[in-house]
J.: 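What follows is a structure written as structure tokens; I'll ask about it next.
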Amino acid sequence: MTDGTTNRDVDVIVLGAGIVGVSTAYAARQRGLSVVVVDRREPGSETSYGNAGILSSGSILPLNQPSLWKSLPKYLTNRHQALRWDPAWAVRNAGWIARFLANATEANTRPRATALRGLSGASLKLHREWIVKAGAPERIRETGWLKAWRSDGIVAAKAEQALLAEYGIKSEVLDRQAISALEPIILPVYKVGLLHSETASVDSPGNVVKAYARMLTGSGGEIRQSDIKSIMPDGDGWRAVLSDGEIRARHIVVALGPWSADLLRPLGYRVPLATERGYHREFKPNPARPLMRPIHDAEGAFLMTSMENGIRVTSGVELTARDAPSSYSQLDAVVPLARGVVEFGEAVGEPWRGARPTLPDSLPMIGPAPRHKGLWLAFGHQHIGFTTGPATGAAIAAMIGGAPPPFDAAAFSPSRYL
Ligand SMILES: Cc1cc2nc3c(=O)[nH]c(=O)nc-3n(C[C@H](O)[C@H](O)[C@H](O)COP(=O)(O)OP(=O)(O)OC[C@H]3O[C@@H](n4cnc5c(N)ncnc54)[C@H](O)[C@@H]3O)c2cc1C
């Protein structure tokens, strides 16, 4: 964009420069389309910055799966670190909650797991390819991801292993000794572990998105930093009204993560998008005692992982309005637990808050908007959007070009809700 006002010659405008938007734009460039990405911040500065950096092959069972019913009584107390909820939000969003819970059945979960397996598998392949192409191969760790139980979690670990195996995903059940051999620096607090051996992780999700963004501009894509005010049909294409001008294109992709529903409302789409908020805080590590892989404490309901700036501890889910004031009670509850597992020093920087964008079936929307030609939707990736961004982008770029996506995207069709 040179004059900051109008450009009628771009094929695709991508709204949002998180992992989903940047991936979509890069995939569109690979198909020879001209593309501009718009974001009010630098690429990878929001949800795609603050996540745990896990590139997960095995997170195919969403939160609303049958086991949720067993956990519900403890969650209803509103004291568990895994899930806190705002009663006023719950009253206002009772319909969304009912739809979310209605999906937590055996019959509804298997097809969603199959769909997410296809999306994650395709995406992991792209991440592994792109991170090398983007000149950032040192950021990816192929050391898996450890889920660990303090109590005797052997039944749960074996059940999860069997389920993953049904989807062709390898994992290893570990006892206390095997956990110590794998992760020698942690204290022996875990009795049972499940190593997701095909999962990878990165040491800075925000910088990975920035590296992909540089790869995009290197291939001729543009990135424009501006506030998006509205979008509207314009002839046989689209117009995006920005704080500093307008852009016109044949196609427009909404990849605004937790903000995606806002710009669609004036077009008549009421997207049932809620936010599962989460927090992280980073701490000075002991460089002589590095954590080798992300560890998910199953009962403590937190995750800890080595990032380039320190040990990042992330919290569970907070169900409340996207922009409600922060509440650090979940983080405050889990940081002492994390300290009991791995040695780390004082906090580095302030706590971070983000919002996982979630639809009632916990599947993202990937595909065309049902009533507007040239409008494409790519959001709602809940807990696994950092993993699934690249294949989401590849699918949208393929669909724009009239080609089949690299995985079966039928379950992600926006028309299921719109
Ligand atoms: C605590 C936590 C831990 C997580 N851990 C993992 C993990 O380990 N692995 C994993 O795969 N996923 C994880 N996730 C989920 C993952 O982070 C998200 O699903 C993913 O980042 C969503 O990406 P996105 O591109 O859709 O959204 P975002 O990264 O939020 O990008 C949306 C962009 O839109 C821009 N924007 C919004 N409105 C406007 C506007 N009006 N004008 C201009 N720009 C605008 C924002 O600035 C932002 O950059 C985690 C999430 C949280 C909260």
Side-chain angles (χ1 to χ4, degrees), residues 13-25 37-60 116 119-120 123-124 127 145 196 199-202 205-206 208-210 212-213 223-231 240-244 253-264 273 275-281 294 296 301-305 307 312-318 322-323 330-331 334 351-359 362 364-366 377-393:
I13 302 168
V14 178
L15 307 176
I19 185 67
V20 176
V22 168
S23 297
T24 304
V37 186
V38 188
D39 199 302
R40 59 188 164 214
R41 301 194 60 187
E42 280 183 21
S45 296
E46 292 279 2
T47 333
S48 300
Y49 156 78
N51 62 72
I54 300 174
L55 302 177
S56 177
S57 68
S59 302
I60 57 171
L116 289 175
L119 172 63
S120 309
S123 215
L124 267 163
H127 263 301
W145 168 39
H196 288 234
T199 284
S201 60
V202 301
V208 169
V209 178
K210 285 181 172 54
Y212 291 177
I223 297 176
R224 177 157 167 177
Q225 202 168 335
S226 186
D227 208 355
I228 306 148
K229 298 293 184 193
S230 61
I231 56 173
V241 179
L242 311 180
S243 50
D244 60 350
V253 184
V254 178
L256 294 164
W259 295 272
S260 296
D262 305 6
L263 283 179
L264 292 168
L273 189 69
T275 51
E276 298 181 58
R277 299 203 319 185
Y279 298 80
H280 86 224
R281 190 140 208 206
H296 173 199
F302 66 91
L303 210 137
M304 55 202 159
T305 183
M307 291 288 176
R312 181 175 288 188
V313 179
T314 65
S315 68
V317 168
E318 181 191 23
R322 182 190 63 207
D323 302 323
Q330 280 163 292
L331 252 190
V334 298
W352 172 89
R353 186 189 86 212
R356 307 168 181 96
T358 303
L359 290 151
S362 294
M365 282 189 180
I366 305 173
L377 310 183
F379 56 80
H381 293 75
Q382 40 102 348
H383 295 238
I384 54 169
F386 185 65
T387 303
T388 53
T392 298

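When reading the values below, keep in mind they use all heavy atoms of this one structure, side chains included, and skip hydrogens, waters and symmetry mates. Every number for a ligand or one of its atoms is a count from 1 in the order of the listing.
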J.: Give a yes or no on whether the backbone of R322 and the side-chain of R277 come within a donor-acceptor separation of less than 3.5 Å.
T.: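 Side chain of R277 to backbone of R322: a pair is present.
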
J.: Determine, considering heavy atoms only, which of S48, G257, G18 sits nearest to atom 23 (O) of ligand 1.
T.: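 Looking at heavy atoms only, S48 sits closest to atom 23 (O) of ligand 1.
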
J.: Let me know which of I19, L119, T387 forms a side chain to side chain contact (heavy atoms under 4.5 Å, CB included) with T392.
T.: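 So, applying the side chain to side chain contact (heavy atoms under 4.5 Å, CB included) to T392 and each of I19, L119, T387, only L119 qualifies.
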
J.: Of all the atoms in ligand 1, which lie at a distance below 4.0 Å from a heavy atom belonging to I384?
T.: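 Counting from 1, the qualifying ligand atoms are 10 (C), 11 (O), 12 (N).
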
J.: Which option, R40, Q382, H381, owns the non-hydrogen atom nearest atom 18 (C) of ligand 1?
T.: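 Ranked by closest heavy atom to atom 18 (C) of ligand 1, first place is Q382.
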
J.: Under 4.0 Å from a heavy atom of I19: which atoms of ligand 1 are those, numbered in the order shown and with their elements?
T.: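 Per the distance check, 23 (O), 25 (O).
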
J.: Please, which pairs that meet salt bridge (Lys or Arg N to Asp or Glu O under 4.0 Å) have at least one residue in residues 45-55, sequence neighbours excluded?
T.: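 Applying salt bridge (Lys or Arg N to Asp or Glu O under 4.0 Å) to every pair that reaches into residues 45-55, excluding sequence neighbours, yields R41-E46.
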
J.: Among all the protein's non-hydrogen atoms, which is closest to atom 25 (O) of ligand 1, and how far away is it?
T.: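 Checking every protein heavy atom, the shortest distance to atom 25 (O) of ligand 1 gives V20 N, 3.1 Å.
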
J.: Which ligand 1 atoms are under 4.0 Å away from a heavy-atom of S226?
T.: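 Heavy-atom distances to S226 below 4.0 Å select 43 (C).
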
J.: Pull out every atom of ligand 1 sitting under 4.0 Å from any heavy atom of D227, numbered as shown with elements.
T.: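 Answer, ordered by atom number: 40 (C), 41 (N), 42 (N).
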
J.: Can you pull out the closest protein heavy atom to atom 12 (N) of ligand 1? Residue, atom name and distance to 0.1 Å, please.
T.: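 Nearest neighbour among protein heavy atoms for atom 12 (N) of ligand 1, to 0.1 Å: H383 O, 2.8 Å.
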
J.: What residues form a side chain to side chain contact (heavy atoms under 4.5 Å, CB included) with Y49, not counting sequence neighbours?
T.: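 Result, side chain to side chain contact (heavy atoms under 4.5 Å, CB included) vs Y49: H280, R312, W352.
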
J.: Checking the side chain of T199 only, and the main-chain atoms of S57 only, is there a donor and an acceptor separated by less than 3.5 Å?
T.: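 Looks like yes, one N/O pair under 3.5 Å.
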
J.: For atom 28 (P) of ligand 1, what is the nearest protein heavy atom, given as residue, atom name and distance?
T.: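 Ranking protein heavy atoms by distance from atom 28 (P) of ligand 1, first comes T47 OG1, 3.5 Å.
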
J.: If you take the nearest heavy atom of each of P357, G389, G385, which one is closest to atom 20 (C) of ligand 1?
T.: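 Considering heavy atoms of P357, G389, G385, the nearest to atom 20 (C) of ligand 1 sits in G385.
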
J.: Suppose we measure from atom 45 (C) of ligand 1 to each protein heavy atom; which comes out shortest, and what is that distance?
T.: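 For atom 45 (C) of ligand 1, the nearest protein heavy atom is L256 CD2, 3.6 Å.
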
J.: Below 4.0 Å, non-hydrogen atoms only: which portion of W259 touches ligand 1? Side chain, backbone, both or neither.
T.: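 For W259, the contact with ligand 1 is made by the side chain alone.
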
J.: Check whether any N or O atom of I228, backbone or side chain, sits under 3.5 Å from an N or O atom of ligand 1, and answer yes or no.
T.: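 Between I228 and ligand 1 (N or O atoms, distance only) the closest approach is under 3.5 Å.
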
J.: When you look for heavy atoms under 4.0 Å from ligand 1, do you find them on the side chain of P258, its backbone, both, or neither?
T.: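 For P258, only side-chain atoms sit under 4.0 Å from ligand 1.
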
